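Only one structure is covered here, and it is reproduced in the block below.
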Amino acid sequence: MDKQSLANPGIGKNYNHKEHEEKIYKSWEESGAFKPRPYSLKHKAYSIVLPPPNANAPLHYGHAMYTVEDVLIRFHRMKGFSTLWLPGADHAGFETQVVYEKHLEKIGKSRFDFDRDTLYKNIWDFVQKNRGTMESQLRRLGFSLDWTKAKFTLEEDIVKTVYKTFKKLYDDGFVYRDIRLVNYCTKHGTAFSDLEVEYVEKTSKLYFVKYKIEHSKDTITVATTRPETIFGDSGIAVNPKDKRYKKYVGKNAINPLNGRIIPIFADSFVVMDFGTGALKVTPLHDENDFELGKKHNLKNFQVIDFRGKLTKEAGEFEGQKAITARDAIAQKLKNEGNLEKIEEFKNSVGTCYKCGNPLEPLPLEQWFIKTNELAKPAIKAVKKGQIKIIPKRFEKIYFQWLENIKDWNISRQIVWGIRIPAWKNTKTGEWVVTEGDAPRGADWVQDTDTFDTWFSSGQWPFATLLSKNENAKKPNAKSLYKKYYPLSVMETGYDILFFWVTRMVMLGIFATGKVPFKTIYLHGIVRDSKGQKMSKSKGNVINPLEIVEKYGADALRMSLIAGAGAGNDQNYSEEKVRGYRNFANKIWNATRFVSNLEKTNDKNLPALAGPKLQNSKTQNDFNKKLNKIINEATKYIESYNLNQAAEIIYDNFWHWFCDKCIEDSKRGRLSASDLKYGLEVFLKLLHPFMPFVTEVCWQNLKNNSLLINQSWPSMDKWPKI
RNA sequence: GAUCGCUUAGCUCAGCGGUAGAGCACUUCAUUCACAUUGAAGGGGUCGUAGGUUCAAAUCCUACAGCGAUCACCA
């Protein structure tokens, strides 16, 4: 305890967030303040659905950016809207399974030790536990979410909606099943969509391998980074314009590893000045080769299996890891005089974003969604202004992606997720898609795969609002869907624009015929104090709850909103948070001053000589200025310039209201009633940003009402400027 | 290869057509005063470079440089 506190015990000169925050949150929640007020013509709907955090882990610092949503919700609630802010949790299929498998690893087990149902149930329990942690953290941040409407992506009614959408996509011809080369992680045992592949620049070896021409002494040299796939070669391609190789087109070459006779053919796909200008074609282990193989009717040989090991096609190398066998195979080629040289060069290798191992392109039968026709209305919706993207520069990125979209592989070979409602007839091989129920008869077996998580979260805006047996095209009169869909805003990080936002627009329009939300607000990434992305492996992760504990949620929230515009990254700064903690204290003390004025009955205090000062020049200026601040702050929030709103309120409260007006009141130039009115206005303006301290202060001034339910300051009280 | 963003005070960043801003840091002063988690005063920037548009440019346009990001290709 310092000297100051010893001298003034118990007076509470400093705002202590720990004393208030949890209590205040409880009082809001218990009062029902988070529930939307009855929807009516007067109280128009305003709705946001929280991007559901993964249910497998505590919150990370980026989640605190959802403060943006709380600001918008609290602002609109005070403006009189019927505001719905719906929380939820995402089962996060693959992500969660990886987290859970790490947990299993620690106790010396693996996913193979359990049958499907047991594994699913165990992960379910694991997730429920973490979900609770995550939700209590959202409360600590002060988010005014309507917890009575919380959803989970694996709940029965959500799954039902996801099934309906899939069935409709299937019936309308948007879903097909095909054997294609997919991006497969042999460690995690599942395929990914193209979007999930992480390309890493690496220095690789380029092997120049000689193939003999059949019935000739000539050889043709090809360049490859993957000699171990030579066992699967079924052709050599050259460019039709390439004079060097014209004479070989139509002839055959001999595979140097297994002696197989393979055709040499021409295709303009081949780039003449890369490598030797001759390309070995391995249809089952390279996507381009797969296309070439189909086009030229080449044979298919699978050399690598789903565990990443060489198959019997590899002869003596069978059973070895494909990657580690590479050197030995190169050595064999060299020993037999078929390796011309090895060069080093840089290329990017598609890797698993979780384990970093190279992904193996492997042939697998999967469910795909044709995205081309789904993308068109999504593009149109933004072009026509039915959806507005903030900041605007992301529109271009949005268009670019949707205009070049590829079909979407939605099958995942994992247990944790929504199992695909497709059944195969064991006798006829026929596939049937249903809305979840097994088809009649005994010969149907359900697909063991689950949906890509983004397929279900892509339906989140309407799936959360529809009730179990409701149809989006014919909603129930009183349903949430009818009142709150389309959502007013979808607010999320720009890093999941492609993964999530575009998919929500495509699936939303497809399933409901309406855009899922009117505005997309994209926030930036919070990096560490040096500008590095926070990551567990770097060990630079900052736990937002520790900051809340130390400085209060208000300080953390304000630090994230002020000083960073939409879509811009920001660096974490403890000094900044501390600065806003000090600001909370400033608010506290200004309130202490004003409420003491009120409680004192000392008529000699100049500040209480209010009535005499009516219509004085000072008061007039005071009103004008206050009015101007309300006006600007409101405009800034309504135009999504939250940082500017926060900054002008902060600046004017501290350096005008506290430094000037309070001092004026001490000198009798401003009445106590004016001062109190001004403080109330500022508490309201600050409330969306710093809800806890403003609520505490409000209750110090007016004991029996909640600030959260007050009206936003009106600009009509004083004459327009 | 394409696209996007950033470059403003020592540091971190707002501002994005109308006399250079904030926080932190720094200098000086003030403490029985709502608040030292404070107040007052002050120092510090030709707003990346070069052109252009404009009565007026940190702000719009064009090039260039450095940094960062995303997408595509990669035998």
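The structure presented is a predicted model; accordingly, all values stated were derived computationally and were not measured. Below, chain A is the first sequence line, B the second, and so on; all start at residue 1.
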Worksheet item: Is there a donor and acceptor pair closer than 3.5 Å between the side chain of A:Lys586 and the base of B:C35?
Response: yes
Practice prompt. Could you note down all residue pairs passing salt bridge (Lys or Arg N to Asp or Glu O under 4.0 Å) where residues 643-665 of chain A supplies at least one of them, sequence neighbours left out?
Written response: A:Glu663-A:Lys666, A:Glu663-A:Arg667, A:Asp664-A:Arg669
Discussion item. It should be established whether A:Asn404 places a side-chain nitrogen or oxygen under 4.0 Å from OP1 or OP2 of nucleotide B:A2.
Written reply: no
Discussion item. Between B:A56 and B:G44, how many Å separate the two P atoms, rounded to a whole number?
Written reply: 29 Å
Item to complete: Write down the distance separating the C1' atoms in B:U53 and B:A41, rounded off to the nearest Å.
Response: 42 Å
Discussion item. Between B:U12 and A:Asn571, counting only base atoms on the nucleotide and side-chain atoms on the residue, is there a donor-acceptor pair under 3.5 Å?
Written reply: no
Show the distances under 3.5 angstrom between N or O atoms of the protein and N or O atoms of nucleotides 67-69 of chain B.
none

Response to the item:
Parsed dot-bracket for RNA chain B after applying the Watson-Crick and G-U rules with both distances under 3.5 Å and | for other-strand partners is (((((((..((((....[..)))).(((((.......))))).....(((((..]....))))))))))))....
Fill in: Separation between the P atoms of B:U54 and B:G21, rounded to whole Å
28 Å
Fill in: From CZ (A:Phe274) to CZ (A:Phe345), nearest 0.5 Å
4.0 Å
Discussion item. Say we look at B:C47 and B:A57: how far apart would their C1' atoms be, to the nearest angstrom?
Written reply: 11 Å
Discussion item. If I pick the P atom on B:G18 and the same atom on B:G66, what distance separates them, to the nearest angstrom?
Written reply: 31 Å
Worksheet item: Can A:Glu632 and A:Gln644 be said to form a side-chain contact (heavy atoms from CB on, under 4.5 Å), step by step?
Response: CA-CA 9 Å; A:Glu632 284 184 8; A:Gln644 294 187 65; over 6 Å; no
Worksheet item: When you check the gap from the basic side-chain N to the acidic O, do A:Lys210 and A:Glu340 get nearer than 4.0 Å?
Response: no
Under-3.5 Å N/O pairs linking protein and nucleotides 19-25 of chain B:
residue, atom, partner, partner atom, Å
B:G23, OP1, A:His655, NE2, 3.4

Discussion item. Suppose you measure atom C1' in B:C67 against the same atom in B:C26; what distance do you get, rounded to whole Å?
Written reply: 29 Å
Worksheet item: What salt bridge (Lys or Arg N to Asp or Glu O under 4.0 Å) pairs are there with at least one residue in residues 265-274 of chain A, not counting sequence neighbours?
Response: A:Asp267-A:Lys295
Fill in: Working for side-chain contact (heavy atoms from CB on, under 4.5 Å), residues A:Phe265 and A:Val281
CA-CA 10 Å; A:Phe265 61 95; A:Val281 184; 4.0 Å; yes
Discussion item. Run the ring pair (Phe, Tyr, Trp, His ring centres under 6.0 Å) test against A:Phe394 and tell me which residues pass, sequence neighbours left out.
Written reply: A:Tyr494
